[in-house]
Amino acid sequence: MSGSERSLAKGSAAPCPVPQGLIRLYSMRFCPFAQRARLVLIAKGINHEVVNINLKNKPDWYLEKNPLGLVPTIETSDGKIIYESPIVCEYLDEVFPGTKLIPSDPYAKAEQKMLMEAFSTVCTMRICVIWVKNNEDTTELKSQFLEKLKKLEEALAKKNTPYFGGESVSFIDYMVWPWFERFSLFVFEGVLDKTPNIKAWHDRMLQDPAVKATFTAPELVLGFFKLYAEDSVDAVDYGLN
Ligand SMILES: N[C@@H](CCC(=O)N[C@@H](CS)C(=O)NCC(=O)O)C(=O)O
């Protein structure tokens, strides 16, 4: 359902208005927040195009669309602009038909939001960057990470469902997946064995069609993180966009 994909940096002309019937996603290939939006767009079968933004060299017009200068942002054919990944994803889920990812039951919805809060200390790129830099002892970091993960393991075990929201993939699973995709590169060694419910969830998620469609090869992600850790990401040279 994704049409074209192109990359724009400083100096690039602003793209034309969004064609009727299409959603435009401003993104960056390695951004976990943008992957959230890509997961939802694909899971719901929403017709869209992707414009990758060079985040080291943002076009001026992008800051007019999203004053925070972050990706993801979506733009509709009638000129609506929405940014901040959970807001983008919730908007897409509300407006478009197809599988509803957010439960309609207020308590189930609140549970997903609480889980998102609980995940917020786990879903961070800092741990990946420290890992990749490989210049400090990560024992303490790893045990802190495991302690946080164990709380989520308990929550999943208590729920006794295959996914964090229940019997099928839902909003919360897509909101946290991008970090888990990245963690599997380095952080998970010897960790997921201690959280069997999360491991089973992780393996199930790998089979999800939207996850498969947005999955980035580990060696590419690793290359990106190495540059990111050195603060020398050049989106153009590395072909990030
Ligand atoms: N709270 C934002 C965070 C988005 C974010 O941090 N995106 C990063 C890329 S992964 C970004 O756009 N960075 C550009 C910058 O910091 O200038 C969301 O949920 O959408």
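Predicted model only: the values in this text are computed from it and were never measured.
- Residues Ile74 and Leu25 approach most closely at CG2-CD1, 3.8 Å, considering heavy atoms.
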Worked check of side chain to side chain contact (heavy atoms under 4.5 Å, CB included) between Phe33 and Leu70 | CA-CA 9 Å; Phe33 299 97; Leu70 305 174; over 6 Å; no
Criterion side chain to side chain contact (heavy atoms under 4.5 Å, CB included) on Phe145 and Val122, from CA distance to verdict | CA-CA 7 Å; Phe145 179 76; Val122 170; 3.7 Å; yes
Would you sort out whether Glu90 and Glu94 count as a side chain to side chain contact (heavy atoms under 4.5 Å, CB included), showing the intermediate values?
-> CA-CA 6 Å; Glu90 193 168 343; Glu94 275 183 3; 3.8 Å; yes
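- Exactly one residue among Asp173, Val211, Ile198 makes a side-chain contact (heavy atoms from CB on, under 4.5 Å) with Phe180. That residue is Ile198.
- With salt bridges taken as basic N to acidic carboxylate O contacts below 4.0 Å, one links Lys65 and Glu75.
- Evaluation of the salt bridge (Lys or Arg N to Asp or Glu O under 4.0 Å) rule for Lys199 yields Asp203 as partners, not counting sequence neighbours.
- Under a 4.0 Å N-O distance rule, the pair Glu147/Lys150 qualifies as a salt bridge.
- When atom types are taken as modelled, the side chain of His48 and the backbone of Ile46 share a donor-acceptor pair closer than 3.5 angstrom.
- Counting only residues at least two apart or in different chains, ring pair (Phe, Tyr, Trp, His ring centres under 6.0 Å) contacts with residues 89-113 are absent.
- Aromatic pair Tyr83/Tyr26: centroids not less than 6.0 angstrom apart.
- Both Ile87 and Val95 are assigned to one and the same hydrophobic cluster, defined by single-linkage of ILVMFWY side chains at heavy-atom distances under 4.5 Å.
- The aromatic rings of His202 and Trp177 are tilted relative to each other, their planes meeting at an angle between 30° and 60°.
- Screening Leu101, Val40, Leu115 for a side-chain contact (heavy atoms from CB on, under 4.5 Å) with Met175, the sole residue that qualifies is Val40.
- In this structure, the side chain of Asn66 does not engage the main chain of Thr73 through any donor-acceptor pair within 3.5 Å.
- The side-chain contact (heavy atoms from CB on, under 4.5 Å) test with Trp201 is passed by exactly one of Leu152, Val176, Leu206, Val169: Val176.
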